[in-house]
Amino acid sequence: MEMGLPLFYAFSLLLNLASVAFAGDNSTPPCSSQFNTKCKPDSSGLHLTLYHPRNPHSPASISDVPISTILSHDEARVKSLAYRLSKIPSSRPTSLDHHLDMKSVSDPLTPGGSVGLGNYVTQVGIGTPAASYVMVVDTGSSLSWIQCRPCAVSCHAQVGTVFNPKSSTSYHSIPCSANECTSLRSATLNPSACSSSNVCIYQASYGDSSFSLGYLSKDTLSFGSNFTFPNFTYGCGQDNEGLFGKSAGLIGLARNKLSLLSQVAPKLGYAFTYCLPTTKSTGYLSMGSYNPAGFSYTPLVSSSLDDALHFLKLTYISVAGKPIAVPASSYSRIPTIMDSGTVITRLQSDVYTALSKAFLAAMKGHKKVVAYSILDTCFEGKVASTAVPTVALVFDGGATMNLRPESIIISLNSAKLTCLAFAPATRVSIIGNTQQQTFKVVYDVAQKKIGFASGGCR
């Protein structure tokens, strides 16, 4: 995205402001429902409640947002991930020069991804004393950030009050010479900047033109009294604009060293598990140890394209029990990632075409209609779940996701049609959250594997 005047002025203002450093004790409140945290003294893991973004009971529900809007921003997220991985020059201008004089910022930011409107949310505690905030959960992002007073430029509407660093006795800003400041380029794909008072400035920008800009900071992250993490590195946002729902910020679960995953790993272990619920229920996010019973595993794949994302190998797809008609080599023509924030699964174009043909053949008697947004395998009216053929995603090592009918098709009642919840991709295949719903999914980064188990939530 190009840096327009608002973002230019944001930089200019932040260069001449600095966050106030505080010091104090790290006391935290007892386990409380305000954090939606299940404290388990006999477990080394922590367990947070996850909400579907369109669940009307979510603390930051977007149930009033049209599905067409969600799909368009889903496409923006996918394009941003593809751009991030392609390492091919884009038509948009390049990122800020690493040796830029920050007194005259005027270049564009590089999109690191797209938050969009498909992300699940949870609640965490920030500061001392801790206060609870609704945060987007994103496996495709590294840097965590939260909106901060005084919102020197702009803050989007959020649930609850905006975090005030001055109210936290454990808050302090990070100087430009710190290693964390140097690490921002790999975490956000944008270089750090430096304020006139030597405070590190982060720039997290997203492909749908959303962004967060502010001071890199440290404070205590809390999940009830059993889990506190002093000196947690995050962004204290002074200019936060775009589509973040009603959340206060974002927690990143990618594999970069600045992600929440990496920062809590020394205490809890380098793994996390989640179950993404439907709109009718709640799920969970657990950090650290997990019960391996019931999981089938596939290796986490290393990739030189981006060592922060969660890559895996899709080996074949079956419809009605039969593998779709496509060469095995088609699955590996582009990389595949797991992503909690992409709504609709994207498949390499030949694989998608074969899936669409097989699905159409199994849906005889249902009238095919014109495409809707990014979905081009659509049928007239509502399709009963009993009429939907089985679809299975099979990964390297035999790990299998046998999808529910509700994870295969998406009903668009306002448009009076039903569509296959998959779309074609050109640069990266993505296993999206519609297909992941109700599965327990474990990202065991320490053991370099991803596991699946059905029936984790509703």
Side-chain angles (χ1 to χ4, degrees), residues 67 71 74 118 275-280 294 296 298 312-332 336 338-339 342-413 415-425 429-441 452-458:
I67 187 65
L71 291 176
D74 196 50
C275 185
L276 305 181
T278 66
T279 58
K280 300 176 182 179
S296 60
T298 187
L312 68 172
K313 184 179 180 181
L314 180 63
T315 55
Y316 74 89
I317 298 174
S318 67
V319 174
K322 297 180 180 180
I324 60 176
V326 66
S329 60
S330 297
Y331 291 97
S332 57
T336 300
M338 290 286 291
D339 185 41
T342 298
V343 178
I344 301 297
T345 286
R346 303 309 202 279
L347 299 171
Q348 191 273 341
S349 56
D350 291 342
V351 175
Y352 172 75
T353 298
L355 171 64
S356 177
K357 287 181 179 179
F359 193 80
L360 286 169
M363 291 288 288
K364 291 179 179 178
H366 292 272
K367 183 180 178 181
K368 187 176 184 294
V369 295
V370 296
Y372 181 89
S373 183
I374 61 173
L375 307 175
D376 66 7
T377 305
C378 298
F379 306 90
E380 188 176 65
K382 186 174 178 64
V383 175
S385 60
T386 54
V388 180
T390 60
V391 174
L393 309 180
V394 183
F395 300 90
D396 187 27
T400 302
M401 298 178 74
N402 291 304
L403 303 180
R404 307 170 307 125
E406 296 83 0
S407 293
I408 299 170
I409 58 173
I410 181 170
S411 180
L412 305 163
N413 291 332
K416 297 181 180 179
L417 76 164
T418 300
C419 299
L420 179 66
F422 293 79
S429 294
I430 305 171
I431 309 302
N433 61 37
T434 296
Q435 283 63 43
Q436 295 181 53
Q437 284 177 11
T438 74
F439 280 91
K440 289 188 289 185
V441 182
F452 309 104
S454 62
C457 57
R458 293 185 294 167

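Predicted, not measured: the structure shown is a model, and the values here were computed from it.
Residues T278 and E406 form no side-chain contact, since every pair of their non-hydrogen atoms from C-beta on lies 4.5 Å or further apart. The side-chain heavy atoms of T434 and I410, taken from C-beta on, include no pair separated by under 4.5 Å. Taking 4.5 Å as the limit, every side-chain heavy atom of V391 sits out of range of all side-chain heavy atoms of L420. In this structure, Y331 and I317 have side chains that are in contact, with non-hydrogen atoms separated by less than 4.5 Å.
Residues meeting the side-chain hydrogen bond (donor to acceptor under 3.5 Å, both in side chains) test with S411, sequence neighbours left out: N413. Among residues two or more places apart in sequence or in another chain, the side chain to side chain contact (heavy atoms under 4.5 Å, CB included) test is passed with T400 by A392, V394, N402. Residues satisfying the side chain to side chain contact (heavy atoms under 4.5 Å, CB included) criterion with S332, sequence neighbours excluded, are absent altogether. Residues satisfying the side-chain hydrogen bond (donor to acceptor under 3.5 Å, both in side chains) criterion with S407, sequence neighbours excluded, are R404. Every side chain to side chain contact (heavy atoms under 4.5 Å, CB included) that C378 has, sequence neighbours left out, goes to V369, Y372, L375, L417, C419. Every residue meeting the ring-ring contact (aromatic ring centres under 6.0 Å, His included) condition with F452, not counting sequence neighbours, appears here in chain and number order: F395.
Taking OG1 from T353 and CD1 from I324, the interatomic distance works out to 9.5 Å, rounded to the nearest 0.5 Å. With values rounded to the nearest 0.5 angstrom, D396 atom CG is found 5.0 Å from T298 atom OG1. Here the straight-line distance linking atom CD1 of I408 with atom CZ of F422 works out to 7.0 Å at 0.5 Å rounding. Note: L403 CG to Q436 CD = 10.5 Å, rounded to the nearest 0.5 Å. Rounded to the nearest 0.5 Å, atoms OG (S429) and CG (L312) are 10.0 Å apart. The structure places SG of C275 at 11.0 Å from CZ of R458, a figure rounded to the nearest 0.5 Å.
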Determine all donor-acceptor pairs shorter than 3.5 Å in which one atom belongs to a side chain in residues 357-367; sequence neighbours excluded.
none

For a quick test of your reading: what N or O donor-acceptor pairs under 3.5 Å do the side chains of residues 342-352 make, sequence neighbours left out?
from: T342; atom 1: OG1; to: R77; atom 2: NE; distance (Å): 3.4
from: T342; atom 1: OG1; to: D339; atom 2: OD2; distance (Å): 2.5
from: T345; atom 1: OG1; to: G432; atom 2: N; distance (Å): 2.8
from: T345; atom 1: OG1; to: Q435; atom 2: OE1; distance (Å): 2.6
from: R346; atom 1: NH1; to: D74; atom 2: OD2; distance (Å): 2.8
from: R346; atom 1: NH1; to: I344; atom 2: O; distance (Å): 2.6
from: R346; atom 1: NH2; to: D74; atom 2: OD2; distance (Å): 3.4
from: R346; atom 1: NH2; to: E75; atom 2: OE1; distance (Å): 2.8
from: Q348; atom 1: OE1; to: D350; atom 2: N; distance (Å): 2.9
from: Q348; atom 1: OE1; to: V351; atom 2: N; distance (Å): 3.1
from: D350; atom 1: OD2; to: R333; atom 2: NH1; distance (Å): 2.4
from: Y352; atom 1: OH; to: D376; atom 2: OD1; distance (Å): 2.3
from: Y352; atom 1: OH; to: T377; atom 2: OG1; distance (Å): 2.9

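Residue pairs meeting the disulfide (SG to SG under 2.5 Å) criterion with at least one partner in residues 345-377, sequence neighbours excluded, are absent.
Atom NZ of K368 is surrounded by more than 12 heavy atoms from other residues, nucleotides or ligands within 6.0 Å.
Minimum interatomic distance between A453 and G294 (heavy atoms only, all atoms of both residues): CB-O, 3.4 Å.
The main-chain N or O of K313 is never found under 3.5 Å from a side-chain atom of T336 such that the two would form a donor-acceptor pair.
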